[in-house]
Chemist: 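Provided herewith is a single structure, encoded as structure tokens, for subsequent inquiry.
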Amino acid sequence: MKQDMIVILDLGSEENPRLAREIRALGVYSEIHPHDISREELEALPNVKGVILNGGPNRVVDGVEIDVAPYVYDLPVPVMLLDHKGQPGLPTMQEARRTQLSEWVFGICCAQPNWNMENFIADQVELIRRQVGDGKVLLALSGGVDSSVVAALLIKAIGKQLTCVHVNHGLLRQGEPEQVVEVFRNQMDANLVYVDAVDRFLDKLAGVADPEQKRKIIGAEFIRVFEEEARKLEGIRFLGQGTIYPDIIESGTKTVKTVKSHHNVGGLPEDLNFELVEPLKMLFKDEVRACGKALGLPDSMVYRQPFPGPGLGVRCLGAITRDRLEAVRASDAILREEFARAGLEGRVWQYFTVIPDIRSVGVRDGRRADEWPVILRAVNTVDAMTATVEDVPFTLLQLITKRITHEVPGVNRVLYDLTPKPTGTIEWE
Ligand code: XMP
């Protein structure tokens, strides 16, 4: 293993994820583990240079104050109990902690600042090979950031022992299924099963207007299609997963219980009896992107804006019809193209179009015509809990309006959604 590590044992501090990030910012890899980790498990972690017990006000679980196993104090590496608020009386929590941490990590633990993507990838390749041996791995590859980075990492580690399954449910953005095939099959020479399930999904969704029902149908059908493909393949023992650190630690507030319980199975069936391979489970989102970049994935894939699992299905409001679905896909492509041209790509958190199930009268080719409106939405947020509306230049809005109303069949109006969250949500349904 190429990286030194500082382990944080979780005694319930809300600060643990931030602490791990601060240590990583010093160039030293850090992981959070449950306070009741066994001695064997802890000693099996590679290159541990020090252990931090991070305290805090949440040390009570089910009415019992938790404490760390006594053996921790006998470890052959330095152990520090760090209060979650840092030292009292020092300038700011962050500054005080950074100095304190840095002195401890380098001066006392003698850790080397060798945490970087190159070493991370080298270590993961070795770990994946060790776990998988000559076994076969299956991966649901949506083309989103996490699954794409896992795919690239697994391809590097085990090549054709990996089979990726890409389910095109017809609700992806323009060009996305083609990009998955181009990048993974053509450029990376991966085993890729491309499943055209468009008709299947749209048939199941026909006439269904309730958003939660739509979500359920999309999720359930995805599992069905994936299971069918998995059963066609033989001898698969492992399932690759794009689980990332925030999926596991959530906000790190409820102690080890949450650390252990949450598994982002991405809606996949649990009864397929696969062993999971989750090489990104210790990375924060920006680190996942850096990893993808280091593995040679294109920027358009690595820096992709968030996209809901049910995809355009929840942006084609009400019962999905093929013509409105195509209209939302085409208008979304125009919006993205013009945002990129205006230099807004990567600067705005999320931007997309929505098509409601209403028509209004307009004029086309000198005649009255009832057509749909398209709504533009562009928002910024840190955590998706609240969001503000992007102040898009009026001339850009006019240009996008002109293009959508001229290029997208059936659309005669364009509206810009000025609503922050709250009261609006980011998506419309
Ligand atoms: P809302 O609309 O709740 O969205 O303000 C917050 C963030 O979550 C995304 N979102 C979803 N993501 N499945 C997903 O994977 C969903 O059903 C879903 N609904 C909303 C949304 O795009 C935004 O980033």
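None of the values given here were measured: they were computed from a predicted structure. Sequence positions, counted from 1, serve as the residue numbers for this chain. Start at 1 and go down the list; that is how both ligands and their atoms are numbered. What you see below is based on every heavy atom in this structure, not just the backbone, and it leaves out hydrogens, waters and symmetry mates.
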Chemist: Give the residue and atom name of whichever protein heavy atom lies nearest to atom 17 (O) of ligand 1, and the separation in Å to one decimal.
Modeler: R215 NE, 2.5 Å

Chemist: Under 3.5 Å, side chain of E390 to main-chain N/O of A378, donor-acceptor pair present?
Modeler: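 Answer holds: no.
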
Chemist: List the closest protein heavy-atom neighbour of atom 3 (O) of ligand 1: residue, atom name, distance to the nearest 0.1 Å.
Modeler: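 The protein heavy atom lying closest is K421 NZ, 3.6 Å.
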
Chemist: Heavy atoms only: which of G311, P308, G144, P422 is nearest to atom 12 (N) of ligand 1?
Modeler: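 Answer by nearest heavy atom: P308.
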
Chemist: Short check: is a protein heavy atom less than 4.0 Å from atom 1 (P) of ligand 1?
Modeler: yes

Chemist: Taking the six-membered ring of Y351 as reference, does the NZ or CZ atom of R336 fall below 6.0 Å from its centre and within a 45° cone about the axis?
Modeler: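 Judged by the rule, R336 and Y351 form no cation-pi pair.
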
Chemist: Above 12 or not: heavy atoms from other molecules or residues under 6.0 Å from CG of N186?
Modeler: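 Atom CG in N186 is crowded, with more than 12 foreign heavy atoms closer than 6.0 Å.
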
Chemist: Which residues pass the ring pair (Phe, Tyr, Trp, His ring centres under 6.0 Å) test with W115, not counting sequence neighbours?
Modeler: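 Counting only residues at least two positions away or on another chain, W115 forms a ring pair (Phe, Tyr, Trp, His ring centres under 6.0 Å) with Y29, F120.
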
Chemist: Which heavy atom of R413 sits nearest to which heavy atom of V361, and what is that distance?
Modeler: NH2-O, 2.9 Å

Chemist: What residue and heavy atom of the protein are closest to atom 4 (O) of ligand 1, and at what distance?
Modeler: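 Nearest protein contact, heavy atoms only, for atom 4 (O) of ligand 1 is I426 CB, 3.9 Å.
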
Chemist: Where the closest heavy atom to atom 6 (C) of ligand 1 is concerned, which of P310, A384, G309, P306 has it?
Modeler: A384

Chemist: List the closest protein heavy-atom neighbour of atom 21 (C) of ligand 1: residue, atom name, distance to the nearest 0.1 Å.
Modeler: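 Ranking protein heavy atoms by distance from atom 21 (C) of ligand 1, first comes E427 OE2, 3.4 Å.
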
Chemist: Does the protein place a non-hydrogen atom closer than 4.0 angstrom to atom 9 (C) of ligand 1?
Modeler: no

Chemist: Is a salt bridge present between E118 and K2, judged by a nitrogen-to-oxygen distance below 4.0 Å?
Modeler: no

Chemist: Would you please indicate yes or no on a ring centroid separation below 6.0 angstrom for Y245 and F284?
Modeler: yes

Chemist: Could you identify the single nearest non-hydrogen protein atom to atom 23 (C) of ligand 1 and state the distance to 0.1 Å?
Modeler: Q350 OE1, 3.5 Å

